[in-house]
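Shown next, in structure tokens, is the structure this report addresses.
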There are 2 protein chains.
Amino acid sequence: MDQVEIFKALSNKTRLQILNWLKEPALNFPDQPNADFENVGVCVGQIQNKAGLSQSTISEYLSILQRADLVSSTRVGQWTYYKRNKEGIKQLSKIINSEL
Amino acid sequence: MDQVEIFKALSNKTRLQILNWLKEPALNFPDQPNADFENVGVCVGQIQNKAGLSQSTISEYLSILQRADLVSSTRVGQWTYYKRNKEGIKQLSKIINSEL
DNA sequence: AATATATATCGACTTTTCCCGATATACCAA
DNA sequence: TTGGTATATCGGGAAAAGTCGATATATATT
């Protein structure tokens, strides 16, 4: 994964917030019907509600975060659930410590 | 410091390279006359030579990195020396570990 | 099959970033 | 004080990102 793409993904207030929210899904998305946060994550609509931007924008943002390996997604029925990608974030931490 | 600004500063290949070069100045800038890298850093011209972009662009890039607290500068005579800002980079590491 | 809902993709417009050359400023040397 | 070198700032054109509404696609329900 290109390092620049990772930092670009993080260069946006809303995307940083989303990542931060996904760290504590139970706390930040109490309204989600499917509350199996650990395994599946949070669905796009919930994230959109909280962020207050358009549906298309949030969908786009989530795919930017996913391309940067910062989140991962699972489709269940008509919903797509996104969650933090621990591995990718650990990688980022490693980059910072070894190259910057 | 605004987190978004930090990540924006890192969202560019050349700026990432500069930061990486400044981690090992003696290795990466063997031609610099003033070789007191630890205390003063590397001057703009040397960085420009290595990066291969215009003088104005590199000067701008260095000030972007400085605004993000990733480097610091010292003026000595007609030269401005830039070096890594350990403290700022540690802060960044902390952000990643606590918020992402 | 028809309809409803959730998400993704498209096209467009605006704002920001990239990067340059030209010029200004700061300092040094003669 | 005149000229030379290093860096900073300014103005601009091209490319990328931000964000939207409209539309397409996938799935579920009836």
Side-chain angles (χ1 to χ4, degrees), chain A residues 2-19 22 25 29 31-37 40-68 70-83, chain B residues 2-19 22 29 31-36 40-68 70-83:
Chain A
D2 182 12
Q3 295 180 198
V4 172
E5 288 308 310
I6 298 174
F7 290 118
K8 277 188 183 168
L10 296 170
S11 297
N12 176 283
K13 185 151 165 260
T14 303
R15 289 194 298 264
L16 279 179
Q17 277 180 330
I18 292 173
L19 231 35
L22 290 181
F29 301 95
D31 297 347
Q32 170 157 298
N34 181 346
D36 184 7
F37 297 117
V40 284
V42 180
C43 72
V44 180
Q46 292 288 317
I47 297 171
Q48 194 219 324
N49 278 347
K50 199 165 168 87
L53 293 181
S54 74
Q55 190 273 320
S56 55
T57 297
I58 296 303
S59 177
E60 167 79 3
Y61 281 9
L62 288 167
S63 83
I64 289 172
L65 289 171
Q66 183 162 32
R67 276 198 298 278
L70 296 167
V71 303
S72 63
S73 70
T74 325
R75 180 112 201 189
V76 178
Q78 40 194 333
W79 294 274
T80 308
Y81 295 90
Y82 283 87
K83 64 178 177 184
Chain B
D2 181 13
Q3 295 179 200
V4 173
E5 288 307 311
I6 299 174
F7 291 118
K8 277 187 184 171
L10 296 170
S11 297
N12 174 283
K13 187 153 165 255
T14 303
R15 290 195 297 266
L16 278 180
Q17 277 180 329
I18 291 173
L19 230 36
L22 290 179
F29 301 95
D31 297 348
Q32 171 157 298
N34 181 347
D36 184 7
V40 285
V42 180
C43 71
V44 180
Q46 292 287 318
I47 297 171
Q48 194 218 323
N49 279 347
K50 199 164 169 88
L53 293 181
S54 76
Q55 190 273 319
S56 55
T57 297
I58 296 303
S59 176
E60 168 79 4
Y61 281 8
L62 288 167
S63 84
I64 290 172
L65 289 171
Q66 183 161 31
R67 275 199 297 279
L70 296 167
V71 303
S72 64
S73 70
T74 324
R75 180 110 201 189
V76 177
Q78 41 197 333
W79 293 274
T80 307
Y81 295 90
Y82 283 88
K83 65 177 177 185

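Below, chain A is the first sequence line, B the second, and so on; all start at residue 1.
We find that CD of B/Q66 is positioned 15 Å from C1' of D/dT9, with the value rounded to whole Å. Rounded to an integer number of Å, the gap from A/L53 CG to C/dT7 P is 16 Å. Spacing between atom NZ of A/K13 and atom C1' of C/dT15 amounts to 17 Å, rounded to whole angstrom units. Atom CD of B/Q17 and atom C1' of C/dC19 are 15 Å apart (whole Å). The distance between atom CD1 of B/I64 and atom P of D/dT9, rounded to the nearest whole Å, is 12 Å. The nearest whole Å value for the distance from the CG atom in A/L65 to the C1' atom in C/dT7 is 16 Å. Counting to the nearest Å, the C1' atom of D/dA6 and the CG atom of B/D31 are 17 Å from each other. Rounded to whole Å, atom P of D/dA16 lies 14 Å from atom CZ of A/R67.
Taking side-chain N and O atoms only, B/Y61 has a distance below 4.0 Å to OP1 or OP2 of C/dC19. Of the side-chain N and O atoms in B/K8, none sit less than 4.0 angstrom from OP1 or OP2 of C/dT16. Contact check, B/N12 against C/dC18: a side-chain N or O comes under 4.0 Å of OP1 or OP2.
Residues B/R15 and B/I64 approach most closely at NH1-CD1, 3.8 Å, considering heavy atoms. Contact detail for A/V42 and A/P25: the closest heavy-atom pair is CG2-CB, 3.9 Å.
Annotation: side chain of B/N12 is not in contact with side chain of A/F7 (no heavy-atom distance under 4.5 Å).
B/I18 contributes atom CD1, which lies 4.5 Å from atom CD1 of B/I58 (distance to the nearest 0.5 angstrom). Atom OG of A/S63 sits about 4.5 Å away from atom CZ of A/R67, to the nearest 0.5 Å. Atoms CG and CD, on A/L65 and A/E60 in that order, are 10.5 Å from each other to the nearest 0.5 Å. With rounding to the nearest 0.5 angstrom, the CG atom of B/N49 is 8.0 Å from the CG atom of B/D31.
Across the interface with DNA chain D, nearest-nucleotide mapping of A/V76 and B/Y81 shows B/Y81 to be the residue nearer the 5′ end. Sequence order on DNA chain C of the closest nucleotides to B/R15 and A/W79 puts A/W79 first from the 5' end.
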Can you check nucleotides 8-10 of chain C for protein contacts, nitrogen or oxygen pairs under 3.5 Å, and list what you find?
residue	atom	partner	partner atom	Å
C/dA8	OP1	A/Y82	OH	3.2
C/dA8	OP2	A/S59	OG	2.9
C/dA8	N7	A/Q55	OE1	3.2
C/dA8	N7	A/Q55	NE2	3.1
C/dA8	N6	A/Q55	OE1	2.9

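The side chain of A/Q78 has D/dA28 as its nearest neighbour among D/dA28, C/dC18, D/dA6.
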